[in-house]
Amino acid sequence: MLDFKNIKLPELGFVKKRWFIITAASVVGILLIGFIWAMSLRGDMLNKAVAKVQKKLKDDYQLNFEVNKYEFAGLTTVDFQKVKLYPDTGEQLAAIDQFKVSVKLFPLLSGNVKLDELDLKNATITLVKKDSSSNYDFLFRKKNESDTTKDTSPARTLAETVDNLLKRVFQAVPDNLNLENVSLSFQDSASTQVVKIPEGKIDDGDYDIDVFLNEQEAKWNFKGNINSSRQTANVIISSDNKDAQIPFIARRFGLKVSFDELSFHLDDVARRGKENLEIKGGISAKNLRVNHHRLSLDTIVLPGGSADGGFLVSENTIELLTGTKVQVKDFSFEPKLKFSKKPKKVLEMAVHTGKFKAQDFFDALPVGLFENLDGIKVAGDIQYDMDFKVDLDDPDNLTFASKIDDANLKVEKWGKANIAELNGPFVYEAYEDTLKMRDITLGPSNPNFTPLTQIAPILRKTVLNTEDPFFYKHNGFELEAFQLSIVTNIKEKKFKRGASTISMQLVKNLYLNRNKTMMRKFEEILLVWLMEQSKQVSKDRMLEIYLNIIEWGKNVYGISEASKYYFGTKPPELTIGESLYLSSIIPRPKTGLSSFDYTGQLKPWVMKHFNTYGYIMNKMNQLEGENVPANYGFYQVQLQPNLRPPRPKGVPDSMMSHDDIKDMVDEIDREEKIRKTLLERLFGKPSEEETEKNN
């Protein structure tokens, strides 16, 4: 019988060690048996996985996945040979000689697939577009409608959607990558673009890869680091060919982009539960060149610039993080931008610069883009504040506030557009689109030049009321007109109406081309601001120049030519009716003769313009001392006989095409909205009696 009392401690330790060894050996044995069993089954598992992928691609996207041979080439590595991918209708999308992929073991044990290494050899991916179809339509196609399975999972928030997208992107990027002879091409009826990588590697997140466009047409180098587990990335893209354009987007969107160096960094992705996702990073560029006909006819060249900050994504909104900063040379500002998709689609923007040196702003403008401002020198500090908010489905309630503190600004030297020279005689070059018509001298040497004091006061009043009623009160810009213009353009979903004051029209005629681009509009705004702020040209002189250069008909410029052309009279002799007519054709000068019938009298539809603006001038006591016939002189207006259209034969005669008439009717409708807004702003909401009289 064993005497437990006499067992010594060393003997007990030996027993424990023996049982530990036996237990450990048993566990290892079980795991080994399980591993051997799993290895014997993994071939079947791989077959089922490939078949499942093939079925899903076929059922959901009508995409065929063919592979000649596949097998395990290691514990977690699968080697695919001769892979083809092509849609049911369309040309082959991809062909790969060898495709080897391995996943990380420990994430795989927890059900999370994370690529460890990816090898591609002799891979060709071809995107083909013919007419309205392409071999990549499946990317934008929904699942078959026959799949009636309802998705009962709760809807994702915007933050969850972005978070899921980022996770998928980083999961798809391996820590190690080997590329050999890989190409991506795009073909359409007009051209073919091929991007090729002869050799490329990612080594534990670090990469340095050369990419070629159309053989040796262009070369870009991608260098940086990516950390999939931390979800951070850095990339620097440089180009040997300084004029090499980014492929594909030029033909697709008409956007030409090239650069010396472009860098991007994603520094942090912080999740705050389901509701918030914070993304921090930045982008910078050296000699970025952008060309698009909607931006500018000239290429925009940005020598250097950067933006650092990030985005905050919540349940239904995305916005710039507080402190996001844009910097170009010594000029910087922190914009605010927010878009909400629910419960309403609301866009909010704001800029509050604080005090900054005005010269820093002008130095930051790309050289040559605004040629009228090149070489300008200013002194003083300025500050700009802007707040904008609009419900895209209900733009009528738009909020827009813009204010600049420029009291200390002083123009020390003008650029090409020397505003100060407008005070003396100068030559105006009249253009019709891009065709120069003639030179017009603004000064006493020109017999058609008419000083402001020699232009009938009633003409000055009608033009001011129709074109810019607050000309003598504003500083070049009419905020309410801007608001109405933005509202109209949002509703029309295209640029239909501007918000030009007389100051803006003057600058446009004197210094700018007629191309409707964003940069030309921006240059116009800057020149008007400087002209009005400097006060080097009086309001009276601006109006005088304006009335002597604007177009009043085909090759008819200035009030003197217009008076003589239409009525055979002189500017001081113009009547209220003639003045109202002339003011009505300023927006459409070449269609002015269409306002008259064969008798030389105005057509009935012009009467609305007379009654509206005649009523405004009467209400503002601007007609005292004037001879005011019925309908504000509408029936007294007579076109010179030699300009009248021939007597119609049975049908009304029109000098306008159907499209011209439609455009004019649309313009009149838009102007009517502006008139109503103007009337309410000047006099408050009219009574029913006044409304009936005005109509």
TODO: Go through Asn408 and Ile382 one step at a time and tell me if the side-chain contact (heavy atoms from CB on, under 4.5 Å) criterion holds.
DONE: CA-CA 7 Å; Asn408 296 323; Ile382 58 177; over 6 Å; no

Distance, nearest 0.5 Å, that separates [atom1] of [X] from [atom2] of [Y]:
X: Lys389; Y: Phe400; atom1: NZ; atom2: CZ; result: 16.0 Å
X: Leu582; Y: Ser563; atom1: CG; atom2: OG; result: 6.0 Å
X: Leu365; Y: Lys329; atom1: CG; atom2: NZ; result: 9.0 Å
X: Phe356; Y: Phe331; atom1: CZ; atom2: CZ; result: 4.5 Å
X: Gln536; Y: Trp414; atom1: CD; atom2: CH2; result: 5.5 Å
X: Ser500; Y: Asp468; atom1: OG; atom2: CG; result: 9.5 Å

With distance as the sole test, does [X] use its side chain to make a donor-acceptor pair with the main-chain N or O of [Y] at under 3.5 Å?
X: Thr591; Y: Ser594; value: no
X: Arg644; Y: Tyr598; value: no
X: Gln533; Y: Asp406; value: yes
X: Lys461; Y: Gln622; value: yes
X: Gln359; Y: Val378; value: yes
X: Glu432; Y: Asn555; value: no
X: Thr501; Y: Gly476; value: yes
X: Asp381; Y: Lys355; value: no
X: Lys539; Y: Phe471; value: yes
X: Arg541; Y: Gly424; value: yes

Are the side chains of [X] and [Y] in touch, meaning some heavy atoms are under 4.5 Å apart?
X: Ile549; Y: Leu442; answer: yes
X: Ile404; Y: Leu409; answer: no
X: Asp391; Y: Asn397; answer: no
X: Val507; Y: Asn372; answer: no
X: Leu530; Y: Leu373; answer: yes
X: Ile550; Y: Val463; answer: no
X: Leu464; Y: Leu543; answer: yes
X: Glu544; Y: Pro451; answer: yes

Salt bridge between [X] and [Y], side-chain N to carboxylate O under 4.0 Å?
X: Lys416; Y: Glu371; value: yes
X: Glu319; Y: Lys336; value: no
X: Arg520; Y: Glu523; value: no

Open item on the list: Which residue in the set Lys570, Arg438, Lys554 passes salt bridge (charged side-chain N to carboxylate O under 4.0 Å, His left out) when paired with Glu561?
Closed with: Arg438

Open item on the list: Side chains of Asp597 and Thr599: any donor to acceptor distance under 3.5 Å?
Closed with: yes

Task: Between Tyr431 and Asn509, a side-chain donor and acceptor under 3.5 Å - done: no

Tell me the closest heavy-atom pair linking [X] and [Y], and the distance in Å.
X: Phe449; Y: Gly443; value: CB-O, 3.4 Å
X: Gly375; Y: Lys413; value: O-NZ, 3.5 Å
X: Met620; Y: Asn465; value: SD-OD1, 4.2 Å
X: Trp552; Y: Ser583; value: CZ3-N, 4.5 Å
X: Ala417; Y: Leu527; value: CB-CD2, 3.9 Å
X: Ile300; Y: Pro366; value: CG2-CG, 4.2 Å

Open item on the list: Counting only heavy atoms from other residues, nucleotides and ligands, does the tally under 6.0 Å from NZ of Lys473 exceed 12?
Closed with: no

TODO: For side-chain contact (heavy atoms from CB on, under 4.5 Å), just list the numbers for Lys521 and Met504, CA-CA rounded to whole Å, side-chain angles, deciding distance to a tenth of an Å, and then say yes or no.
DONE: CA-CA 10 Å; Lys521 194 66 179 178; Met504 297 173 75; 3.8 Å; yes

Task: Residue list, salt bridge (Lys or Arg N to Asp or Glu O under 4.0 Å) with Glu626, at least two apart or on another chain - done: none

- [ ] May I have the step-by-step check of side-chain contact (heavy atoms from CB on, under 4.5 Å) for Asn418 and Phe426, ending in yes or no?
- [x] CA-CA 11 Å; Asn418 192 337; Phe426 66 94; over 6 Å; no

TODO: Would you please classify the geometry between the His609 ring and the Tyr613 ring as parallel, tilted or perpendicular, with 30° and 60° separating the classes?
DONE: tilted

Open item on the list: Ring-plane angle category for Phe610 and Phe634, please: parallel below 30°, perpendicular beyond 60°, tilted otherwise.
Closed with: perpendicular

TODO: Quick one: list whatever passes ring-ring contact (aromatic ring centres under 6.0 Å, His included) with Tyr581, sequence neighbours left out.
DONE: Tyr566, Phe567, Phe596

TODO: Take Leu580 and Met617 through the side-chain contact (heavy atoms from CB on, under 4.5 Å) test and state the conclusion after the steps.
DONE: CA-CA 11 Å; Leu580 280 166; Met617 289 190 292; 4.0 Å; yes

Open item on the list: Can you confirm if the aromatic rings of Phe370 and Phe522 lie within a centre distance of less than 6.0 Å?
Closed with: yes

- [ ] Could you give me the CA-CA distance, side-chain angles and deciding distance for Ser503 and Tyr546, then say whether side chain to side chain donor-acceptor pair (under 3.5 Å) is met?
- [x] CA-CA 9 Å; Ser503 306; Tyr546 176 78; over 6 Å; no

Under 3.5 Å, which donor-acceptor pairs link side chains of residues 452-460 to any protein atom two or more places apart or in another chain?
from   : atom 1 : to     : atom 2 : distance (Å)
Arg460 : NH1    : Leu452 : O      : 3.0
Arg460 : NH1    : Ile455 : O      : 2.8

